[in-house]
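Per chain, numbering begins at 1; letters A, B, ... match sequence-line order. Not measured: the values here are computed from a predicted model.
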Number of protein chains: 2
Amino acid sequence: MYTVKEVADKMNISEHTIRFWAKSGFFPFIKRSETNIRLFDDHDLEWVKIVKCLRVAGVENKEIKRYIDLCLIGDSTVPERYSIIQKTKEKTKEHIKELTEQISLLEYKEAFYKNIMENNLKDSWNPINNITIEEKINL
Amino acid sequence: MYTVKEVADKMNISEHTIRFWAKSGFFPFIKRSETNIRLFDDHDLEWVKIVKCLRVAGVENKEIKRYIDLCLIGDSTVPERYSIIQKTKEKTKEHIKELTEQISLLEYKEAFYKNIMENNLKDSWNPINNITIEEKINL
DNA sequence: TCTTGACTGAGAGTAACTCTAATTTTTATA
DNA sequence: TATAAAAATTAGAGTTACTCTCAGTCAAGA
């Protein structure tokens, strides 16, 4: 049985967030000690894992709550759960694609600045000077 | 010259966000028409592009403002700008790695649900029943 | 002329944390 | 055993980055 702090450390999430998620109804099975302390078991950890997965993938808390509730209802909700997971996967792939594209731009800028530093060049533009658009662009 | 709406459409960002960013000082060069309407030129679009890139990469607005201000100062700030870009790139690569890991879990769940649906199986668990942890995990 | 649609700023509302404070519990040490 | 430090609890305030609403301005077409 794990306390909030232990879960937080294990899953690399802040304690605040774990409590916030618990209050949001994301962990319907967690027990409390006689003195009111939350106790997560390994099954609860699986729920933390899937909630974290959905959050990282950008799913809204409201939608996560829906998914949790569907799980609690049982069999009949499998198609909707499937659909949530499937859409989330597609969205995540799109997200990765977008991040990958942005990395190209970041690498371009990185190389641009590196070149300036290594060759002791001027930055080619300073707002005090009046210069053409072409010169301005690489900032 | 482009209005806020045109920039929003072109860059796939909401008009609200463009105005919010403008108010945050992210576009120091945009002009206004005599009737006070914002007019972006192609150079301003480059700034929108880099701001979008940094935001997508998860850089905070405060840090983006710092980057913008460094650009305005000129030459002497190239090393700090390089460092911001470089750290952002590393963070983004980490982020992609995390998303890629989560996709594995999503694909596992997707296959799990698909199997249930295609073979008309039971969900193997319904909270009404008392069952073992092992059976509970796949939800 | 009238209305429609795009623009404006101010400011309220929202999501998802994130932090603080007051209080209670647990644990380690004297 | 006493006690002090560490860790848990809750309620609620604060933060970030939008996101939306609204009242008002302005140009262009029926």
N/O donor to acceptor pairs below 3.5 angstrom from side-chain atoms of residues 11-23 of chain B, sequence neighbours left out:
from	atom 1	to	atom 2	distance (Å)
Ser14(B)	OG	His16(B)	N	3.4
Ser14(B)	OG	Thr17(B)	N	3.0
Ser14(B)	OG	Thr17(B)	OG1	2.9

How many whole angstroms separate atom NZ of Lys52(B) from atom C1' of dC18(D)?
15 Å
Nearest-Å distance for atom pair CD1/P, residues Ile37(A) and dA6(D)
17 Å
Does the salt bridge (charged side-chain N to carboxylate O under 4.0 Å, His left out) test come out yes or no for Glu107(A) and Lys93(B), once each step is laid out?
CA-CA 11 Å; Glu107(A) 279 174 346; Lys93(B) 283 187 174 174; 3.5 Å; yes
Rounded to whole Å, how long is the line connecting atom CZ of Phe26(B) with atom C1' of dT16(D)?
11 Å
Could you state the atom-to-atom distance from CD of Glu6(A) to P of dA7(D) in whole Å?
11 Å
Interatomic distance, His16(B) NE2 vs dA17(D) C1' [rounded to whole Å]:
14 Å
Can any side-chain N or O of Glu118(B) pair as donor or acceptor with the backbone N or O of Asn115(B) at less than 3.5 Å?
no
N/O donor-acceptor pair under 3.5 Å between Thr77(B) side chain and Ile73(B) backbone:
no
With distance as the sole test, does Ser83(B) use its side chain to make a donor-acceptor pair with the main-chain N or O of Pro79(B) at under 3.5 Å?
no
Under the salt bridge (charged side-chain N to carboxylate O under 4.0 Å, His left out) rule, what do Arg66(B) and Glu80(B) come out as? Steps first, then yes or no, please.
CA-CA 10 Å; Arg66(B) 170 116 191 104; Glu80(B) 188 175 347; 2.7 Å; yes
Can you list, by residue number, the residues of residues 57-64 of chain A that have a non-hydrogen atom closer than 4.0 angstrom to DNA chain C?
Glu60(A), Asn61(A)
Regarding Arg55(B), tell me which of base, sugar-phosphate or nothing describes its non-hydrogen contacts under 4.0 Å with the strands shown.
sugar-phosphate
The first and last nucleotides of DNA chain C lying within contact of chain B, meaning any atom under 4.0 Å from one of its heavy atoms, run from dC7(C) to dG9(C)
Let me see the working for Asp42(B) and Tyr2(B) under side-chain hydrogen bond (donor to acceptor under 3.5 Å, both in side chains), right down to the final yes or no.
CA-CA 9 Å; Asp42(B) 289 305; Tyr2(B) 316 101; 2.8 Å; yes
Categorize Arg38(B) for me: base, sugar-phosphate, or nothing, with a 4.0 angstrom heavy-atom threshold over every strand shown.
sugar-phosphate
Check the phosphate of dC18(D) against Trp21(B), side-chain N and O only, distance under 4.0 Å to OP1 or OP2. Yes or no?
yes
Round to the nearest Å and state the distance from Arg19(B) atom CZ to dC20(D) atom P.
13 Å
Mapping Ser33(A) and Thr17(A) onto DNA chain C by nearest heavy atom, which one lands closer to the 5' end?
Thr17(A)
Just by distance, do the side chain of Ser33(A) and the backbone of Thr35(A) share a donor-acceptor pair under 3.5 Å?
yes
Would you indicate what Thr3(A) reaches in the nucleic acid, counting non-hydrogen atoms under 4.0 angstrom: base, sugar-phosphate, or nothing?
sugar-phosphate
Test your reading of the model: is there a side-chain donor-acceptor pair from Arg55(A) to the backbone of Val59(A), 3.5 Å cut-off?
yes
Could you tell me how far apart Arg66(B) (CZ) and dT16(D) (P) are, to the nearest whole angstrom?
17 Å
